[in-house]
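Data first, discussion second: the structure below is written as structure tokens.
Keep in mind the model is a prediction, meaning the values are calculated, not measured. Excluded from the calculations below are hydrogen atoms, water molecules and symmetry mates; all remaining heavy atoms, backbone and side chain alike, are included.
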Amino acid sequence: MAAPLRIQSDWAQALRKDEGEAWLSCHPPGKPTLYGSLTCQGTGLDGIPEVTASEGFIVNEINKKSIHISCPKENASSKFLAPYTNFSRIHTKSITCLDISSGGGLGVSSSADGSMKIWQASNGELRRVLEGHVFDVNCCRFFPSGLVVLSGGMDAQLKIWSAEDASCVVTFKGHKGGEREVGTESKMLLLAREDKKLQCLGLQSRQPVFLFIGSDAFNCCTFLSGFLLLAGTQDGNIYQLDVRSPRAPVQVIHRSGAPVLSLLKFKDGFVASQGDGSCFIIQQDLDYVIELTGADCDPVYKVATWEKQIYTCCRDGLVRRYQLSDL
């Protein structure tokens, strides 16, 4: 994979000013990092800044929310997308998980402050507070109906909630943990485990389909299709596997040593987030990587999508909403 490009987290704000600057860098594996800068030379009548890059980098395209940068020496190219909006009033501390309802109208998120809330996905306006877990809430997810929420907490309880009135309908107690994420596809269940194992089971037979051992603890997993899947590890590896031949990975993507915290199928590719604040989209039909910016080295814990919108939650306590139409 081409060398990752990085850019100053608030580049869109910095480059709005005349002579405003933002740093950027290229990180080729096994080679010294290449450093550069972007400079605003003024703003056009359309409100779009005119930006030049320092030696070794090229500005291919820019608009109000995105900029496409290349580093020809390393054959690296990325399009950086700034958030369309930030929601800062949902939680007061680090946001550990989020999800968006199937209709795109509601979001649900959990925080290190122990709270779990349902909010309007368009503007972050609070709708419901779900109270009942004793300690931190680790994960939360909408059912396909968009009317029911599933959550799991440090209190070893799984709870099912009504999104309409915030009542807890069912509580399951005594779960001991060990699985960091669960994925399903067709008749298969995928378990990302702390013990470096990725396990696939048949949903009906409950028999093992395969067991793959990775380089470190698995944090997340997702199916790309009926046969292809992705799994991310604590040491920064993203494994792509084919369940029909799982002994050797189809490919291993490694952009940094930061933990891979979230993986999600998106169109003909996927979205991934890591513990160093990076969040990116890889698609088969693009010869560049789309980088979702804004998190300043804070871990991006979870990613959710609805149509052309992507939502992320971060240690800095913000939910960021990106519009892919801004590309």
Side-chain angles (χ1 to χ4, degrees), residues 86-184 189-194 203 217-222 259 261-264 273 275 298-306 309 311-321:
N86 297 325
F87 301 147
S88 60
R89 298 182 179 180
I90 299 174
H91 297 282
T92 59
K93 293 185 178 181
S94 172
I95 304 175
T96 53
C97 191
L98 92 165
D99 194 24
I100 302 297
S101 65
S102 56
L106 295 176
V108 62
S109 55
S110 59
S111 170
D113 63 10
S115 66
M116 181 167 54
K117 300 178 180 180
I118 294 175
W119 35 273
Q120 198 72 29
S122 59
N123 57 17
E125 181 180 339
L126 185 62
R127 291 297 187 189
R128 299 281 186 272
V129 178
L130 307 180
E131 297 178 319
H133 283 287
V134 179
F135 302 114
D136 289 356
V137 181
N138 292 334
C139 57
C140 53
R141 181 177 294 181
F142 279 103
F143 276 57
S145 67
L147 302 176
V148 179
V149 172
L150 173 68
S151 67
M154 290 290 288
D155 55 6
Q157 296 185 23
L158 295 174
K159 289 180 176 290
I160 296 177
W161 310 78
S162 166
E164 296 179 304
D165 61 10
S167 62
C168 180
V169 182
V170 180
T171 298
F172 301 96
K173 298 181 179 180
H175 181 69
K176 295 181 180 180
E179 293 83 36
R180 295 190 174 183
E181 187 164 64
V182 176
T184 59
L189 176 68
L190 192 62
L191 304 176
R193 292 170 39 174
E194 295 178 343
L203 279 174
F218 281 99
N219 291 329
C220 51
C221 58
T222 189
L261 301 177
S262 179
L263 289 167
L264 185 66
S273 69
D298 284 303
V300 178
Y301 291 118
K302 198 71 175 178
V303 178
T305 64
W306 184 74
Q309 300 177 64
Y311 296 77
T312 66
C313 66
C314 185
R315 187 175 65 183
D316 61 12
L318 296 180
V319 170
R320 292 180 172 87
R321 174 184 159 203

task: Evaluate the side-chain contact (heavy atoms from CB on, under 4.5 Å) criterion for residues Y311 and R321: first the C-alpha distance (whole Å), next the side-chain angles of each, then the deciding distance (0.1 Å), finally the verdict.
output: CA-CA 5 Å; Y311 296 77; R321 174 184 159 203; 3.7 Å; yes
task: Just do the side-chain contact (heavy atoms from CB on, under 4.5 Å) check on H91 and K93 with the steps written out, would you?
output: CA-CA 6 Å; H91 297 282; K93 293 185 178 181; 6.0 Å; no
- request: Take M116 and W161, measure what side-chain contact (heavy atoms from CB on, under 4.5 Å) needs, and give me the verdict at the end.
  value: CA-CA 11 Å; M116 181 167 54; W161 310 78; 3.4 Å; yes
- prompt: Given D113 and S111, is the side-chain hydrogen bond (donor to acceptor under 3.5 Å, both in side chains) satisfied, shown in steps?
  reply: CA-CA 5 Å; D113 63 10; S111 170; 3.1 Å; yes
message: Is there a side-chain contact (heavy atoms from CB on, under 4.5 Å) between S102 and F142? Walk through the geometry before answering.
response: CA-CA 8 Å; S102 56; F142 279 103; over 6 Å; no
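Residue F87 comes nearest to N123 through the heavy atom pair CE2-C, 3.4 Å, listed as atom of the first residue, atom of the second, then distance. Considering every non-hydrogen atom in both A163 and V149, the closest pair reads CB-CG2, 4.5 Å. Annotation for D99 and A304: closest pair CA-CB, 4.0 Å, computed over non-hydrogen atoms. Listed here is the closest heavy atom pair of C140 and S110: SG-N, 3.8 Å. The nearest pair of heavy atoms linking S101 to G105 is OG-N, 3.4 Å. Looking at every heavy atom in both residues, F218 comes nearest to A192 through CB-CB, 3.8 Å.
Side-chain contact between Y301 and I95 is absent, with no heavy-atom pair separated by less than 4.5 Å. Side-chain atoms of Q120 and L106, non-hydrogen and from C-beta on, do get closer than 4.5 Å to each other. Using a 4.5 Å heavy-atom cutoff, the side chains of S151 and L130 are not in contact.
With rounding to the nearest 0.5 Å, the separation of CD1 in I90 from CD1 in I118 is 12.0 Å. Interatomic distance, L318 CG to S94 OG, rounded to the nearest 0.5 Å: 10.5 Å. The distance from the SG atom of C97 to the NZ atom of K302 is 5.0 Å, given to the nearest 0.5 Å. Here R89 contributes atom CZ and E125 contributes atom CD; the two are 11.0 Å apart, rounded to the nearest 0.5 Å. Rounding to the nearest 0.5 Å gives a distance of 10.0 Å between SG of C314 and CG of L261. Distance check: C139 SG to L150 CG gives 6.5 Å after rounding to the nearest 0.5 Å.
Among residues two or more places apart in sequence or in another chain, the salt bridge (Lys or Arg N to Asp or Glu O under 4.0 Å) test is passed with R315 by D298. Every residue two or more places apart in sequence or in another chain was checked for a salt bridge (Lys or Arg N to Asp or Glu O under 4.0 Å) with D136, and none qualifies.
With respect to the salt-bridge test (charged N to carboxylate O, under 4.0 angstrom), the residues D316 and R320 qualify.
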